[in-house]
Student: 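A single structure is presented below for examination.
Numbered from 1 within each chain, the chains take letters A, B, ... in sequence-line order. Just the heavy atoms: all of them, side chains too, but no hydrogens, waters or symmetry mates, feed the values below.
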Protein chains: 2
Amino acid sequence: MAAPKLSDIAKRVGVSTAAVSLALNKGETTRVGPKKRAEILRAAAEMGYYPNELAKALAERRTRLLGLVVPLRDPIFFNQFIAQALSGIQSTLMRRGYNLLIFSPSGKPGRETRDQIMESRFTDGLILINTRSCTSQDVTDTINELKTAGIRFSMINSYYGRAPINYVGVDDAKLGEAAANYLASKGHRKIAFLSGSATLPAHLELTKGLQRGLSKHGLKLPSERVGCTQYERERAFTILDEWFDNKRDQPTAIFTADEQLLLHLYDYIEARGLSVPEDVSVLARGNVGLGDRLRPRPTSLVIPTFRMGELAAEMLIDEIEKPNGKSQRVLLPFELAPGTTA
Amino acid sequence: MAAPKLSDIAKRVGVSTAAVSLALNKGETTRVGPKKRAEILRAAAEMGYYPNELAKALAERRTRLLGLVVPLRDPIFFNQFIAQALSGIQSTLMRRGYNLLIFSPSGKPGRETRDQIMESRFTDGLILINTRSCTSQDVTDTINELKTAGIRFSMINSYYGRAPINYVGVDDAKLGEAAANYLASKGHRKIAFLSGSATLPAHLELTKGLQRGLSKHGLKLPSERVGCTQYERERAFTILDEWFDNKRDQPTAIFTADEQLLLHLYDYIEARGLSVPEDVSVLARGNVGLGDRLRPRPTSLVIPTFRMGELAAEMLIDEIEKPNGKSQRVLLPFELAPGTTA
DNA sequence: TTGAAAGCGCTAACAC
DNA sequence: GTGTTAGCGCTTTCAA
């Protein structure tokens with residue numbers, strides 16, 4: 001018994017498929033007489049009719065599906081940042097009646113975004129979350145590709161350019177400055193910056209901000225005190241060893257650029273038996289959901305990741321539903337979350 | 001400039017749409033002559049042609065989309081168990097060329113599954129992950145609904161019935177027995193069980209197993225030593241207070257039924273200033289990715305959640321692609337992961 | 001080898 | 001008001 005379709009109902013009741021479609025979908029329209037409608041509804045229920053969303057979507061030229069693009073090799077679901085953003089996205093999608101399509105990475109390195117663009121004929125638009133593996137070049141390339149393909153999208157994080165796109169992020173230069181300010185006002189003179197990679201957009205912004213902030217306190221950020229771990233634990237340990245073996249120039253405070261780096265730092269602190277903040281102060285960027293479970297509780301400049309997802313989805317759906325609107329670039333405020341480490 | 005379609009290419013090259021479809025999709029078939037094919041391919045590339053997956057899907061009656069159903073009110077992306085399973089699912093989907101559709105919860109309580117079944121006309125099949133909020137009744141109801149709707153699916157976790165469905169889980173009775181065995185052999189006589197809710201399928205299985213295991217050591221699991229927190233922190237604290245205020249009958253070991261309960265227990269232990277395992281031993285079920293970040297590191301009976309997701313997806317896709325196959329019920333082995341708490 | 005044509009199941013424009 | 005019809009963009013027989 002194949003699934004009943006619109007025309008089956010039509011045949012049974014003795015009306016046109018159009019009438020059935022109308023009766024079923026356009027609630028209180030006048031297009032169908034009340035008793036004909038009742039008959040149709042009853043038949044549909046009896047036959048256990050469910051619409052074929054696919055056919056519907058093809059005819060309406062819209063799927064109410066948004067695609068998620070995460071240019072990242074790692075499994076995306078373990079990343080707290082992404083988890084937060086996804087929750088925010090979901091909250092909007094739920095409210096507006098959309099669903100989320102998660103593309104499986106193609107496996108062919110570099111081609112992911114392109115492939116996902118192709119698949120996107122299945123979706124009404126794309127949400128892009130930039131992660132620590134996106135260079136500034138990657139990001140602008142992607143933007144161009146999407147623009148020329150005429151695909152609607154909305155981007156989260158790590159784009160500091162000026163192209164007119166839907167974007168939600170934070171002002172990382174400002175965040176860096178705030179970090180410098182905070183630590184310097186606490187009396188720290190030797191402040192180190194633990195980062196991922198010097199080529200990351202966020203790294204550049206944060207560094208800029210740190211320098212600006214420090215210079216207001218008559219301080220500097222010498223390159224020996226900027227450590228790029230490439231997100232490798234080993235490398236992080238090497239860098240930290242260098243900092244802490246050098247008794248004379250040992251930093252008294254460390255600012256970490258993201259969650260992963262903070263975890264490595266915690267591991268190091270535990271391994272070396274340091275006390276925080278006695279031996280060294282720690283200030284972290286990000287790490288939203290993590291703060292609760294870490295001991296000691298990190299002092300952080302928290303990024304509103306959930307809200308970012310929520311907003312990005314909102315902006316995208318707005319653009320889809322009323323194509324006249326302008327694209328927006330939104331920078332959300334960050335917040336100091338007190339912990340015991342700085 | 002609307003997106004070019006098959007017929008645009010056909011018109012331009014001067015062939016039928018069928019020829020274009022063949023040339024583009026059926027690689028080395030003999031249906032199209034080599035130079036005609038070359039021409040078609042070139043034209044397609046020049047015009048920047050991407051197929052409309054929607055139309056394709058409608059014609060082929062398959063989307064290569066799998067839907068995810070999580071009957072849970074909470075944001076699903078924060079649940080480590082689900083995150084693990086999702087990663088496993090993704091790994092299979094990637095290998096087999098499918099994508100994942102995440103339904104947004106409808107908001108109407110109780111209707112979620114039904115709604116998602118309707119939406120499922122968009123997908124080739126459904127993956128269901130049962131969580132701690134699923135009663136045994138919920139699960140069987142869902143199974144029946146899906147069966148009568150003729151929807152293919154594959155279920156993860158918490159179904160201990162015998163219906164012939166694709167299912168991946170662990171033998172929780174056996175796990176409970178193993179827990180009892182482990183703790184009893186370490187000399188514990190007063191073993192308590194911290195669980196979520198007495199109505200959960202897993203609770204029943206675990207209890208059964210614990211009792212079986214304990215009785216082999218001449219021990220019992222009195223009802224005072226089974227605590228159901230309803231996953232509320234307050235309630236957990238009340239129960240634990242009762243256990244620890246009663247000096248005479250204080251448990252020397254606690255077995256926790258899942259990750260969330262373990263976290264509450266850790267909070268309690270910290271708040272009350274207990275030492276583990278000196279004051280009390282802790283053995284946890286599950287908590288795969290969490291173990292690394294918790295201090296002290298929990299001793300756990302680890303469930304292969306990633307593998308569960310991987311397998312569930314595999315089984316579902318197999319059934320979709322060769323409908324003759326039988327459905328399978330797979331119970332995966334759990335493993336003792338040593339920590340410092342028991 | 002190739003082209004024409006009939007769907008896939010639904011919506012929406014257009015007659016009646 | 002109600003029914004008819006022409007698509008949506010692609011795949012796949014079936015003739016030629």
Student: Please figure out whether A/Leu54 or A/Arg61 has its closest DNA chain C nucleotide nearer the 5' end.
Tutor: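 In this pair, the answer is A/Leu54.
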Student: Starting at CG of A/Leu24 and ending at P of C/dA12, how long is that distance when rounded to a whole Å?
Tutor: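 That distance rounds to 14 Å.
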Student: Rounding to a whole Å, what distance do you find between A/Lys11:NZ and D/dT4:C1'?
Tutor: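 One finds 16 Å between C1' of D/dT4 and NZ of A/Lys11, rounded.
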Student: Applying side-chain hydrogen bond (donor to acceptor under 3.5 Å, both in side chains) between B/Asn166 and each of B/Gln328, B/Glu319, B/Lys326, B/Arg329, report the one that passes.
Tutor: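 The residue from B/Gln328, B/Glu319, B/Lys326, B/Arg329 that satisfies side-chain hydrogen bond (donor to acceptor under 3.5 Å, both in side chains) with B/Asn166 turns out to be B/Glu319.
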Student: Would you mind telling me which of C/dG9, C/dT11, C/dA12 lies closest to the side-chain atoms of A/Ala18?
Tutor: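 Among the listed nucleotides, the one closest to the side chain of A/Ala18 is C/dA12.
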Student: Closer to the 5' end of DNA chain C via nearest nucleotide, is it B/Ser16 or A/Ala19?
Tutor: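 Looking at the nearest nucleotide for each, B/Ser16 comes out on the 5' side.
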Student: Can you measure B/Glu39 atom CD to C/dT2 atom P for me and round it to whole angstrom units?
Tutor: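 Computing the B/Glu39:CD to C/dT2:P distance gives 11 Å.
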Student: My understanding is that only one of B/Val168, B/Val139, B/Ile127 makes a side-chain contact (heavy atoms from CB on, under 4.5 Å) with B/Met155; could you say which?
Tutor: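 That would be B/Val139.
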Student: Using the six-membered ring wherever Trp is involved, compare the ring planes of A/Phe122 and B/Phe122 and label them parallel, tilted or perpendicular (cut-offs 30° and 60°).
Tutor: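 Taking B/Phe122 first and then A/Phe122, their aromatic rings sit tilted (interplane angle of 30° to 60°).
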Student: Below 4.0 angstrom from OP1 or OP2 of D/dG9, is there any side-chain N or O of B/Lys5?
Tutor: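 Answer yes for this pair, as a side-chain N or O of B/Lys5 is under 4.0 Å from OP1 or OP2.
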Student: Just so I know, are the side chains of B/Asn157 and B/Met308 near enough to count as touching, which here means a heavy-atom distance under 4.5 Å?
Tutor: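 They are in side-chain contact.
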Student: Compare side-chain N and O positions of B/Asn25 against OP1 and OP2 of D/dT11 and report whether any pair is under 4.0 Å apart.
Tutor: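 True: B/Asn25 side-chain N/O within range (under 4.0 Å) of D/dT11 OP1/OP2.
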Student: Could you state the CD-C1' distance from A/Glu60 to C/dA12, rounded to the nearest angstrom?
Tutor: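 Answer to the nearest Å: 10 Å.
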Student: What verdict does the salt bridge (charged side-chain N to carboxylate O under 4.0 Å, His left out) test give for B/Arg307 and B/Glu310, after you've listed the backbone C-alpha separation in whole Å, the side-chain angles of each residue and the deciding distance to 0.1 Å?
Tutor: CA-CA 5 Å; B/Arg307 181 74 190 127; B/Glu310 218 175 24; 2.9 Å; yes
Student: Just how far, in rounded Å, is C1' of C/dT1 from NZ of B/Lys36?
Tutor: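 B/Lys36 atom NZ is separated from C/dT1 atom C1' by 8 Å.
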Student: Between A/Ser21 and C/dT11, is there a contact of a side-chain N or O with OP1 or OP2 at under 4.0 Å?
Tutor: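 So the side chain of A/Ser21 is within the cut-off, an N or O lying under 4.0 Å from OP1 or OP2 of C/dT11.
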Student: OP1 or OP2 of D/dC10 versus the side-chain N and O atoms of B/Tyr49: is any pair under 4.0 Å?
Tutor: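 Yes, because at least one side-chain N or O of B/Tyr49 sits under 4.0 Å from OP1 or OP2 of D/dC10.
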Student: Whole Å only: how far is the CG atom of B/Leu58 from the C1' atom of D/dG7?
Tutor: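 Rounded to the whole Å, the gap is 13 Å.
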Student: Whole angstroms only, please: what is the CG-P distance between A/Leu22 and C/dT11?
Tutor: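 Those two atoms, CG and P, are 9 Å apart.
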Student: Find the distance A/Lys56:NZ to C/dC10:P and express it as a whole number of Å.
Tutor: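 In whole Å, C/dC10 P and A/Lys56 NZ are 8 Å from each other.
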